[in-house]
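Only heavy atoms go into these numbers, but all of them, side chains included; no hydrogens, no water, no symmetry mates. These numbers come from a predicted model, not from an experiment.
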Amino acid sequence: MIRNLFAVLLLSLSTLAMAEAKIAILDQNMALFGSEAAKSETEKLKSEYGSDEQRIKKLEAEVNELKTKLETDAVILEAAEQDKIKQTIQERLAERSSLIDKLKQIQNQRQNQFIREYQPVMAKAVKAIVEQQSIDVVVEASSVIYVNEALNITQQVQDEFNKLVKEGK
C-alpha cells in the first residue's frame, strides 16, 4: 500500500515538473538534409555522377528494347540468336547493378561526410533556438506520435543552420 502511494506521488510530481517544462519537437534529419548546404552538396554529386545516372537509364532502355525484341521475335529467332540476346540482357543488367551499387556507396560516403562536417553547426543552431525560445526539452520528431505544429522548431533550426553555414561558423 505504501509502495502504491509512493508511486502515485512520484507520478504526480513528474507530471507537475513536465507541465512547467517547455518542450519542442525537432526533425533533425529534415533540418540538416533540407538545408541549403545539403542542396548544394546534392547538386555537386549530380554534376559529378550525372553521367553514371544517364548510363543507368540508357542500360535500362537497352534491356527493355532487347526484352521486347526477344518476346516479339521469339518465333523467328534461332536459338543461338535468342541466347545471344539473353546474354546481352544479363550483361546490361549486371553493369546497371554495378553502377547503382557504386552510386549508393558514394552517396552513403558523402552523406556520412556531410553529417560529420555539419553536425557541430547543427548543434549550434539547436542551441541558439533553444536559448532564444527558453526551451527545456527538445524531442526528436521521429519518436513522437502526435504533436501540435506550434511545438515544431525544425524550420527555425534549419533557418538558423543556414545562417550559421553562410556566416562560416
Taking the side chain as every heavy atom from C-beta outward, state whether [X] and [Y] have any pair of such atoms under 4.5 Å apart.
X	Y	value
Q105	K102	no
I115	L32	yes
D52	I106	no
Q107	Y49	no
E41	Q111	no
Q132	I129	yes
E53	L99	no
Q156	I153	yes

Under the rule for salt bridge (Lys or Arg N to Asp or Glu O under 4.0 Å), what residues qualify as partners of [X], not counting sequence neighbours?
X	value
D83	none
E48	R110
E91	none
K163	E160

**Message:** Taking M30 as the starting point, is it possible to reach I135 by hopping between hydrophobic residues whose side chains are less than 4.5 Å apart?
**Reply:** no

**Prompt:** With hydrophobic residues grouped by side-chain heavy-atom distances under 4.5 Å, do L66 and L59 end up in a single group?
**Reply:** no

**Prompt:** Is there a donor-acceptor pair under 3.5 Å between the side chain of T154 and the backbone N or O of D27?
**Reply:** yes

**Fill in**
Across all chains, not counting sequence neighbours, the side-chain contact (heavy atoms from CB on, under 4.5 Å) partners of Q82 are L70, A74, L77

**Request:** Work out which heavy atom in N162 is nearest to a heavy atom in A37; give both atom names and the distance.
**Result:** OD1-N, 4.4 Å

**Request:** Using a strict cut-off of less than 4.0 Å between a Lys/Arg side-chain nitrogen and an Asp/Glu carboxylate oxygen, indicate whether K166 and E36 qualify as a salt bridge.
**Result:**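 Judged by the 4.0 Å cut-off on N to carboxylate O distance, K166 and E36 do not form a salt bridge.
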
**Message:** Applying side chain to side chain donor-acceptor pair (under 3.5 Å) as the test, list every pair that has at least one member in residues 135-150; sequence neighbours left out.
**Reply:**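 Residue pairs with at least one partner in residues 135-150: E149-N152.
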
